[in-house]
Structures are given as structure tokens and as C-alpha cells.
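Predicted model, so just to flag it, every value in this text is computed and none were measured.
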Amino acid sequence: MKKIVILIATFGLFACNQQKDKGNQQGDWIKGTEAEQIRTIEKQFRGFDYAMLETGYRYQELFWAGQDQNWEYAEYQIDKIETAIKNGLERRPKRTASADHFLTVILPKMKKSIQSKDPVIFNKEFENVTINCNRCHAMENVPFFTIKTPIDRQSPIRK
């Protein structure tokens, strides 16, 4: 009998929590069939523009990490740039041809410069990254997305 009371009490609490959670749900905007819901979610992730938004932020952080000689933070940023681009390519595989050289040649060179912990080598490779960002933009028919070395620091992260 004691086990039955505990079991009923447990289900009662679960049911109350379920009702309480229903009133606080935030996901009611994803409606329709499962396929329609997936399309809605995909739309929120968008195409390659969000990948570039993140890449631009991390590009700036990479630069300042190198200026601070905060090599661990620089390595973190270059890894995140690679991840952002790869995630963007998963959503927009037609961009692969433009990004391939960047992922297979330019980023590995940048990683090597970070591992050298030499600010002169880092700055040279960072300039190479910048040039290749602009080349990729030209190949994607958006040459007006001109990338330049950051001037103003926006992040509070410092070494």
C-alpha cells in the first residue's frame, strides 16, 4: 500500500510539473508538421551569412589575441573560425569551392603561426588571412565585403 501511495504521489507531482511547464513554454511558434517544423528551424539558422557574422567577430578577436600574445585565446578563435565556416558550408555546400583553400591552406598556416608564438610571424599570417578573406568574397560575388585589419577593440578580453 505504501508503494502505491508513493507511486500515485510521484505521478501527481509529475503531472503538476507538466501543467506548470506548459504555461511557460517558449517553443509554441514552431508549428506544423514535423517537416514544416524542421524548415522553420532551418530558416532560423539561415545560410552562410550567420557563419560570416561569427567569423567576423572571431577574426577581430584573433587579431587582438595575437597583439596581446595571448596564444591560447588565438588558438581558440582560429578553431572557432574553422567550425563556423564548416557549419556554414553544411548549410550552404555550394560555397565549398570558395572556402576550400581557406580551410585547407590559409587556416593551417595561421594555426602554425600561433604555435610559433612569434608576433611578427603571426602578423604576417594574419595579413594573409585578411587577403584571402577578401579573395573568397570576390569569388562569391560580394567583393564589396572588404575586410581590413581591426582598428578598434570591441571585446573586453585581455591577457
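To the nearest 0.5 Å, the span separating CD on Q77 from OG1 on T55 amounts to 10.5 Å. Annotation: the span from D100 atom CG to R95 atom CZ amounts to 15.0 Å, rounded to 0.5 Å. The NZ atom of K112 sits 14.5 Å away from atom CD1 of I78, with the distance rounded to the nearest 0.5 Å. If you take CH2 on W71 and CD on Q115, they are separated by 11.5 Å, rounding to the nearest 0.5 Å. The line from NZ of K117 to CG of N70 is 10.0 Å long, rounded to the nearest 0.5 Å. Rounding to the nearest 0.5 Å gives a distance of 7.0 Å between CG of D152 and CD of Q154.
By the 6.0 Å contact criterion, CD on Q44 is enclosed, its count of non-hydrogen atoms from other residues, nucleotides or ligands being greater than 12. The number of heavy atoms from other shown groups lying within 6.0 Å of CD (E36) is above 12. For Q69, the CD atom counts as densely surrounded, since its 6.0 Å shell holds more than 12 non-hydrogen atoms of other residues, nucleotides or ligands. For K159, the NZ atom is densely surrounded, since the number of other residues' heavy atoms within 6.0 Å is greater than 12. Environment of CD1 in I151: sparse, with no more than 12 heavy atoms of neighbouring residues, nucleotides or ligands closer than 6.0 Å.
A continuous path of ILVMFWY side-chain contacts below 4.5 Å connects Y59 to V105, so both sit in one hydrophobic cluster. Tracing side-chain contacts under 4.5 Å through hydrophobic residues (I, L, V, M, F, W, Y), one reaches I106 starting from L103; they form part of the same cluster. In the hydrophobic clustering of this structure, M139 does not group with V142; members are Ile, Leu, Val, Met, Phe, Trp, Tyr whose side-chain heavy atoms approach within less than 4.5 Å, directly or through other members.
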For this session: Please lay out, stage by stage, how M52 and D49 fare under the test side chain to side chain contact (heavy atoms under 4.5 Å, CB included).
Result: CA-CA 5 Å; M52 287 294 95; D49 58 334; 5.6 Å; no
Problem set entry | M110/L62 under side chain to side chain contact (heavy atoms under 4.5 Å, CB included): CA gap, chis, key distance, verdict | CA-CA 10 Å; M110 188 72 240; L62 174 63; 4.1 Å; yes
For this session: Evaluate side chain to side chain contact (heavy atoms under 4.5 Å, CB included) for I147 paired with H137, printing each intermediate quantity in order.
Result: CA-CA 9 Å; I147 307 302; H137 293 166; 3.5 Å; yes
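Annotation for A99 and I85: closest pair CB-CG2, 4.2 Å, computed over non-hydrogen atoms. Taking both residues in full, the closest heavy atoms of P143 and T146 are given as O-OG1, 3.3 Å, listed atom of the first, atom of the second, then distance.
Of the possible donor and acceptor atoms, none in the side chain of N128 sits under 3.5 Å from a partner among the backbone N and O of K124. No donor-acceptor pair under 3.5 Å is formed between the side chain of N132 and the backbone N or O of F102. K31 places a side-chain N or O within donor-acceptor distance of the main-chain N or O of D28, the cut-off being under 3.5 Å. At distances below 3.5 Å, at least one donor-acceptor pair connects side-chain atoms of R91 with backbone N or O atoms of G47.
The closest side-chain heavy-atom distance from L89 to F48 is below 4.5 Å. Counting heavy atoms from C-beta on, the side chains of I81 and V129 never come closer than 4.5 Å. Counting heavy atoms from C-beta on, the side chains of K148 and T130 never come closer than 4.5 Å.
With sequence neighbours excluded, the residues satisfying side-chain hydrogen bond (donor to acceptor under 3.5 Å, both in side chains) with Q67 are N123. With sequence neighbours excluded, no residue satisfies side-chain hydrogen bond (donor to acceptor under 3.5 Å, both in side chains) with Q37. Under the side-chain hydrogen bond (donor to acceptor under 3.5 Å, both in side chains) criterion, D118 pairs with no residue, sequence neighbours left out. Qualifying salt bridge (charged side-chain N to carboxylate O under 4.0 Å, His left out) partners for E54, counting only residues two or more places apart in sequence or in other chains: R58. Partners of D68 by salt bridge (charged side-chain N to carboxylate O under 4.0 Å, His left out), not counting sequence neighbours, listed by chain and number: R153. In this structure D79 satisfies the side-chain hydrogen bond (donor to acceptor under 3.5 Å, both in side chains) test together with K111, sequence neighbours excluded.
Separation of the Y50 and F45 ring centroids does not fall under the 6.0 Å cut-off. Aromatic pair W64/Y73: ring centres not closer than 6.0 Å.
A salt bridge links E82 with K86: the distance from a Lys NZ or Arg NE/NH1/NH2 to an Asp or Glu carboxylate oxygen falls below 4.0 Å.
Aromatic ring orientation, F63 versus F126: tilted (interplanar angle from 30° to 60°).
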